[in-house]
Amino acid sequence: MGTMRFADRIRNLFGIKSAASEELFEDLADLLVEGDFGAAEAFKTVDALQDICRKNKITDRDKIREALADLLKGMLIKKDPPVFGSNELGVILLLGVNGVGKTTSAAKLANLYRSSAGRRPLLAAADTFRAAAIDQLKIHGERLGVRVVAHKHGGDPAAVVYDALEAAVSGAGDLIIADTAGRMHTKSALVEELKKIDRIVESKSGNSRYLKWLVLDATTGRNALAQAEIFHEAVSLDGVILTKYDSSARGGIAFSLSADLRLPVLFVCDGEQYENIAPFDPHRYVREFLGAEQ
Ligand SMILES: Nc1nc2c(ncn2[C@@H]2O[C@H](COP(=O)(O)OP(=O)(O)OP(=O)(O)O)[C@@H](O)[C@H]2O)c(=O)[nH]1
Ligand SMILES: [Mg+2]
């Protein structure tokens, strides 16, 4: 393990001027594993790459790298973030464990959907578990000029969502973005808590689109995949927001989410500012993963 950034090490691997050898593929498999690929997936990918190179008589490192980029792009599910209809009420529930960036992402999404899609967001403070969580969301709401629907600390998250729906139905907004508590639920507690919210959203659904997105911290590597597995099995997720892709994150997780769980990454966040969010772009993601110069 060096201190060199992961992407730089991939770049170095393909930057060597000698012809490709068996060793290149071995080193690549090792690097993919270090880059948060699962081991089985890393070997499968490298096998597939070797097949392609053999069939097409590719020996040049640059060309191998291009073939790898195509292969990796093909692994990623491409799903554009939802565009809500003009008469449609969007309800986005943000889930995830402690500290992954749910509250920050809620604010970023409110800002993004308002500025780029002309939505009128409402933030719902459905994290009633942590004392400071409501204030944290209110501060974002004030800064952004977005209304925050909140109850008291310790209240029922489903009731907060209910009030946000009431507010939206009476014209206060058309996109509810609900922050939730980041405690590690047992699966059954998580399911129960969300069932209640599901029922409330469904009872109000004239014309609504209800989505459950999992927020994952990209710096936690394979642990993020384990979280996704648990949440997806419990509540059937619609997509993922990958956060903290600005620091030491290696990024292989997006491939596992696609390949193992068929879960699309919808947004990638790369900083703490409101603007640090963008729809997932497989092409750009693979380029960055492979350490392409910009
Ligand atoms: N560098 C970086 N930091 C981020 C990003 N997203 C969130 N953060 C930071 O991560 C920390 C936790 O973010 P929160 O939004 O409070 O996370 P949370 O999931 O709501 O946390 P809990 O409510 O405690 O479960 C904060 O310091 C954020 O500023 C990101 O994309 N990049
Ligand atoms: Mg929070």
Side-chain angles (χ1 to χ4, degrees), residues 5-7 36 81 92-113 121-144 146 148-158 160-161 164 176-186 189-190 193-194 197 212-221 223-228 230-231 234-235 237 239-251 253-254 257 265-281 284-285 288-289:
R5 276 181 63 237
F6 172 74
D36 295 335
I92 298 170
L93 197 61
L94 294 180
L95 302 165
V97 305
N98 224 301
V100 289
K102 293 177 296 299
T103 307
T104 310
S105 297
K108 286 175 178 173
L109 286 170
N111 183 50
L112 182 73
Y113 270 99
L122 284 169
L123 288 164
D127 176 359
T128 59
F129 183 71
R130 199 164 55 82
I134 298 168
D135 285 338
Q136 195 190 343
L137 198 65
K138 280 184 177 166
I139 290 168
H140 284 303
E142 263 164 43
R143 274 192 211 143
L144 290 168
V146 169
V148 178
V149 177
H151 288 186
K152 287 202 172 56
H153 169 223
D156 179 357
V160 177
V161 174
I176 294 170
I177 301 167
D179 189 21
T180 65
R183 72 196 131 132
M184 214 357 163
H185 298 70
T186 61
L190 176 69
E193 189 167 307
L194 289 183
I197 296 178
K212 289 171 196 156
W213 293 350
L214 183 68
V215 182
L216 291 175
D217 176 343
T219 65
T220 63
N223 197 16
L225 184 75
Q227 290 164 22
I230 293 168
F231 276 88
V235 303
L237 300 164
V240 164
I241 299 179
L242 208 53
T243 62
K244 311 191 195 184
Y245 198 56
D246 47 310
S247 35
S248 60
R250 294 167 299 268
I253 186 72
L257 288 167
V265 175
L266 299 171
F267 292 98
V268 177
C269 299
D270 61 354
E272 297 181 272
Q273 306 302 313
Y274 295 132
E275 305 74 47
N276 296 142
I277 186 168
F280 182 61
D281 175 351
R284 183 177 154 200
Y285 193 85
E288 287 178 1
F289 183 75

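Side chains included, hydrogens not; waters and symmetry mates left out as well; all remaining heavy atoms used. Atoms within each ligand, like the ligands themselves, are counted from 1 in listed order.
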So, taking the atom named [atom1] in [X] and the one named [atom2] in [Y], what distance separates them when rounded to the nearest 0.5 Å?
X	Y	atom1	atom2	value
L93	L214	CG	CG	11.0 Å
Q227	D217	CD	CG	8.0 Å
T104	N276	OG1	CG	10.5 Å
D135	R130	CG	CZ	10.0 Å

So, does [X] use its side chain to make a donor-acceptor pair with the main chain of [Y] at under 3.5 Å?
X	Y	value
H153	F129	yes
T243	L216	yes
K102	A181	no

Parallel, tilted or perpendicular: ring planes of Y285 versus Y245, cut at 30 and 60 degrees: parallel
Within ligand 1, which atoms have a heavy atom of [X] less than 4.0 Å away?
X	value
D127	23 (O)
G182	25 (O)
C269	31 (O)

Give yes or no for whether the N/O distance cutoff of 3.5 Å, strictly under, is met between [X] and ligand 1.
X	answer
T104	yes
S105	no
E272	yes
T243	no

Residue portion contacting ligand 1 (non-hydrogen atoms closer than 4.0 Å) for N276: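 Neither part.
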Within reach of ligand 1, part of D246 (heavy-atom separation under 4.0 Å): side chain
The Mg ion (ligand 2): protein N, O or S atoms that are less than 2.8 Å away, sorted by chain: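 Listed by chain and number: T103 OG1.
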Shortest reach to atom 8 (N) of ligand 1 by a heavy atom, considering only K244, H140, Q273: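 Shortest heavy-atom distance from atom 8 (N) of ligand 1: K244.
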From the candidates K102, K108, R130, Q136, the one that places a heavy atom nearest atom 18 (P) of ligand 1: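 The nearest heavy atom belongs to K102.
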G271 near ligand 1 by a heavy-atom separation under 4.0 Å: yes
Contact with ligand 1 for G99, non-hydrogen, under 4.0 angstrom: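 Within the 4.0 Å threshold, so yes.
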Given L225, N223, V265, T219, the one that forms side chain to side chain contact (heavy atoms under 4.5 Å, CB included) with I253: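 That would be L225.
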Exercise: identify the closest heavy-atom pair between I177 and P121: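 Nearest pair, atom of I177 first, then P121: CD1-CB, 4.4 Å.
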E142/K138 salt bridge by N-O under 4.0 Å criterion: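 The answer is no: the pair does not qualify as a salt bridge.
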Residue list, ring-ring contact (aromatic ring centres under 6.0 Å, His included) with H151, at least two apart or on another chain: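 With neighbours one apart ignored, the set is empty.
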